[in-house]
Amino acid sequence: MVCKLRFLTIAVLALLLCGTAVQASTLVDVTVKDADDGTSLKGATVYVDGSDEGTTNSYGEVSYRHSKSSRYTLKVTKSGYKEWSKRIDADETSVTVQMDRDTLDLKITVYDADTFLSVSGIRVEITSKEDSERESEKTDSTGLATFEVKANKDYTVTIDADGYDLLQRDIEVDDEAEPVQFWLYPEGRFAFRVLDAKDHLPVVNATVKVGGTVRGTTGSDGFVTTVVDTDRQYLVEVTHPAYSDYRQEVSLQENAVRTDIFLSKSTYPVFISVYDAAKAPLAGASVSVDGKNVGETDNYGRFSLESVVAGTHSVEVSAPGYVSWQGTCDSREQKADLVAELVPVSVPVVVIVGSPDHKPLAGVAIGVDGAARGVTGADGTLKLDLAPGSYNVSGMFDGYKPTYLVQQVPVGSSGESCSLTMQPSGLPLGIIGVVAVILVLVAVAGVVVAGKMRTPTRRTHRPGRRGGF
């Protein structure tokens with residue numbers, strides 16, 4: 001019985017202790033909002049007496065439990081906002097935190113778009129897009145204006161300065177205010193774009209005059225920007241070495257900011273005279289300009305091209321049997337005809353030397369127009385390269401008479417040959433043989449005659465009479 005009473009006592013005490021523990025654990029719901037616009041703040045960190053209890057969700061909410069029996073410190077932090085801290089009663093179960101945005105320095109620098117220099121003394125105004133609060137500052141000597149703004153807010157920047165177009169831009173200030181820079185464009189700024197009239201591509205290095213004043217030279221985009229009064233007419237002049245000059249009254253509308261100007265390429269005539277090496281006009285020669293065939297010379301060796309685009313061009317003249325001529329001409333500066341002299345292509349000529357019985361003669365000295373050109377080889381030939389024309393070809397060889405021949409070498413020939421038949425010097429062999437025979441006969445006759453002359457004369461003895469008559 002005593003044991004049962006002890007057990008019941010222990011159970012009751014345990015229940016009482018549990019009840020006390022449950023009552024000591026308090027659940028607290030925290031909601032964090034922006035103090036300016038009431039929006040829920042996600043990512044805010046909650047601390048209880050310095051202990052991290054978690055971060056708010058997308059609804060700006062976070063919950064925690066504590067067993068505090070007395071007041072404690074609740075702290076909330078978030079980037080871009082001032083720290084929030086407050087003493088909370090131990091039995092408080094719900095807390096709404098209104099966080100004020102932190103203040104930041106917003107630095108705005110203003111530059112002149114033409115000079116690239118900072119502009120001082122310009123009034124800059126910023127307006128909060130949430131509550132329409134306005135604040136203005138003047139730029140200092142470095143073109144800088146500094147504003148104290150709240151983080152995570154949107155602002156409109158307005159700059160309305162004399163001599164410049166109105167500037168108005170929207171900017172966002174995050175947790176950290178980044179420096180902002182603006183270009184101020186002079187009032188009445190206008191752009192001229194210069195294009196090729198044929199392909200509409202930008203024309204580079206074109207000089208633009210407006211009202212007689214040079215306003216600039218076009219860049220790779222074909223633009224020149226300047227400051228003019230709109231809603232009026234100006235005399236606009238555009239020049240470029242490869243294009244015809246542009247000169248026209250242009251009306252600049254009040255609401256316009258750009259106008260396009262089209263240039264046509266200027267053209268000039270080109271005249272070409274073609275001669276051969278003898279200064280004779282060469283008809284039918286083919287003429288090419290910049291690699292494109294444009295025609296042939298007439299009977300006087302002349303060719304004219306009426307419209308060549310201004311600039312430097314390559315010219316080539318060719319004709320069968322002649323070495324091609326190449327040159328350049330600047331159509332803008334050409335003051336006289338372009339003269340092309342074509343040199344004939346050399347022709348291979350074979351000189352063949354033989355005896356009357358058609359045997360090749362080696363070592364024969366060959367001359368052309370009196371100049372030695374070599375000797376024939378074992379096959380009786382000598383190979384020469386001669387320009388088209390007429391030549392006196394000669395052959396010299398000991399024991400043979402000098403031999404001469406006039407050889408014509410036509411233009412465009414693929415090869416020529418000339419034959420020299422050399423006659424031995426002295427009498428022909430036939431005549432020498434006849435003379436030899438005659439001499440032999442004469443010699444024989446002489447011997448015969450001489451023999452007859454040396455034979456003695458015999459006397460005829462008649463029988464005498466013995467004893468006298």
Side-chain angles (χ1 to χ4, degrees), residues 108-122 124 139 142-145 156-171 178-268 290 307-313 330-333:
I108 298 176
T109 307
V110 182
Y111 296 93
D112 186 292
D114 281 342
T115 65
F116 307 112
L117 300 176
S118 59
V119 183
S120 61
I122 297 294
V124 180
T139 57
T142 64
L144 175 66
T156 298
V157 178
T158 303
I159 304 176
D160 190 2
D162 292 340
Y164 292 94
D165 287 337
L166 174 66
L167 181 144
Q168 198 167 57
R169 298 283 190 277
D170 291 335
I171 60 173
E178 296 289 339
V180 181
Q181 297 177 336
F182 290 110
W183 289 115
L184 282 186
Y185 290 91
E187 192 174 15
R189 189 176 181 83
F190 199 86
F192 295 90
R193 186 174 65 160
V194 183
L195 304 172
D196 185 289
K198 184 176 181 180
D199 54 26
H200 292 192
L201 293 176
V203 177
V204 183
N205 294 328
T207 301
V208 178
K209 282 186 179 181
V210 180
T213 303
V214 175
R215 300 302 178 99
T217 302
T218 56
S220 59
D221 55 3
F223 276 103
V224 166
T225 57
T226 184
V227 176
V228 295
D229 293 331
T230 55
D231 199 22
R232 58 167 291 188
Q233 281 192 335
Y234 287 92
L235 176 62
V236 179
E237 300 170 90
V238 183
T239 56
H240 189 283
Y243 291 84
S244 299
D245 292 347
Y246 176 94
R247 180 184 173 90
Q248 188 172 331
E249 290 283 343
V250 177
S251 178
L252 306 183
Q253 302 299 321
E254 182 177 4
N255 296 322
V257 295
R258 189 186 88 181
T259 189
D260 291 340
I261 296 173
F262 296 93
L263 298 186
S264 297
K265 288 187 176 179
S266 53
T267 58
Y268 299 84
D290 294 334
S307 56
V308 177
V309 174
T312 302
H313 302 274
D330 191 329
S331 57
R332 296 165 299 188
E333 300 176 358

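For reference, positions follow the sequence shown, starting with 1.
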Main chain of Ala206, side chain of Thr218: is a donor-acceptor contact present, judged purely on distance under 3.5 Å?
yes
How close do Ile122 and Val119 get, counting heavy atoms only, and between which atoms?
CG1-CG1, 3.1 Å
Less than 4.5 Å apart, side chain to side chain, heavy atoms only: is that true for Gln168 and Val157?
no
Please work out whether the ring planes of Trp183 and Phe116 are parallel, tilted or perpendicular, with thresholds of 30° and 60°.
perpendicular
Establish, from distance only, whether the side-chain atoms of Thr156 and Asp170 form a donor-acceptor pair under 3.5 Å.
yes
Does a side-chain heavy-atom distance below 4.5 Å link Val194 with Leu263?
yes
Looking only at heavy atoms, the pair that brings His240 and Asn205 closest together is CD2-O, 3.5 Å
Contact summary for Asp229 and Tyr234, nearest pair of heavy atoms:
N-OH, 3.0 Å
Answer yes or no: is there a side-chain heavy-atom contact under 4.5 Å between Phe182 and Ile108?
yes
Asp162 atom CG, over 12 foreign heavy atoms within 6.0 Å:
no
Min side-chain heavy-atom separation Glu237-Thr239 under 4.5 Å
no
Test item: Asp196 and Lys265 side chains (from C-beta on) under 4.5 Å apart, heavy atoms:
yes
Proximity of Phe262 and His200 rings by center, below 6.0 Å:
yes
Heavy-atom distance under 4.5 Å between the side chains of Phe192 and Arg258, does that happen here?
no
Shortest non-hydrogen contact between Pro202 and Gly222, atoms and distance
CB-N, 3.7 Å
Would Tyr243 and Val203 count as a side-chain contact (heavy atoms from CB on, under 4.5 Å) here? Give the steps.
CA-CA 10 Å; Tyr243 291 84; Val203 177; 3.8 Å; yes
What pair of heavy atoms forms the shortest contact from Asp221 to Phe223, and how long is it?
OD1-N, 3.1 Å
side-chain contact (heavy atoms from CB on, under 4.5 Å), that's the test. Do Val214 and Thr207 meet it? Break it down for me.
CA-CA 7 Å; Val214 175; Thr207 301; 4.0 Å; yes
Testing Val227, Val228, Val224 for side chain to side chain contact (heavy atoms under 4.5 Å, CB included) with Val210, which one passes?
Val228
How long is the span from the CG atom in Leu166 to the OG1 atom in Thr158, to the nearest 0.5 Å?
7.0 Å
Could you measure the distance from the CG atom of Asp245 to the NZ atom of Lys209? Nearest 0.5 Å is fine.
10.0 Å
Less than 4.5 Å apart, side chain to side chain, heavy atoms only: is that true for Val208 and Thr217?
no
Distance, nearest 0.5 Å, that separates CZ of Arg169 from CG of Leu167:
4.5 Å
Reported OG-to-CG distance for the pair Ser118 and Leu144, which is rounded to 0.5 angstrom
9.5 Å
Can you see whether Thr226 engages Arg189 through a side-chain donor-acceptor pair at a distance of less than 3.5 angstrom?
no
Decide yes or no for Leu184 and Ile159: does some side-chain heavy atom of the first lie under 4.5 Å from some side-chain heavy atom of the second?
yes
Nearest heavy-atom neighbours spanning Gly188 and Asp165
N-OD1, 3.7 Å
Taking atom CG of Asp114 and atom OH of Tyr164, what is their separation to the nearest 0.5 Å?
8.0 Å
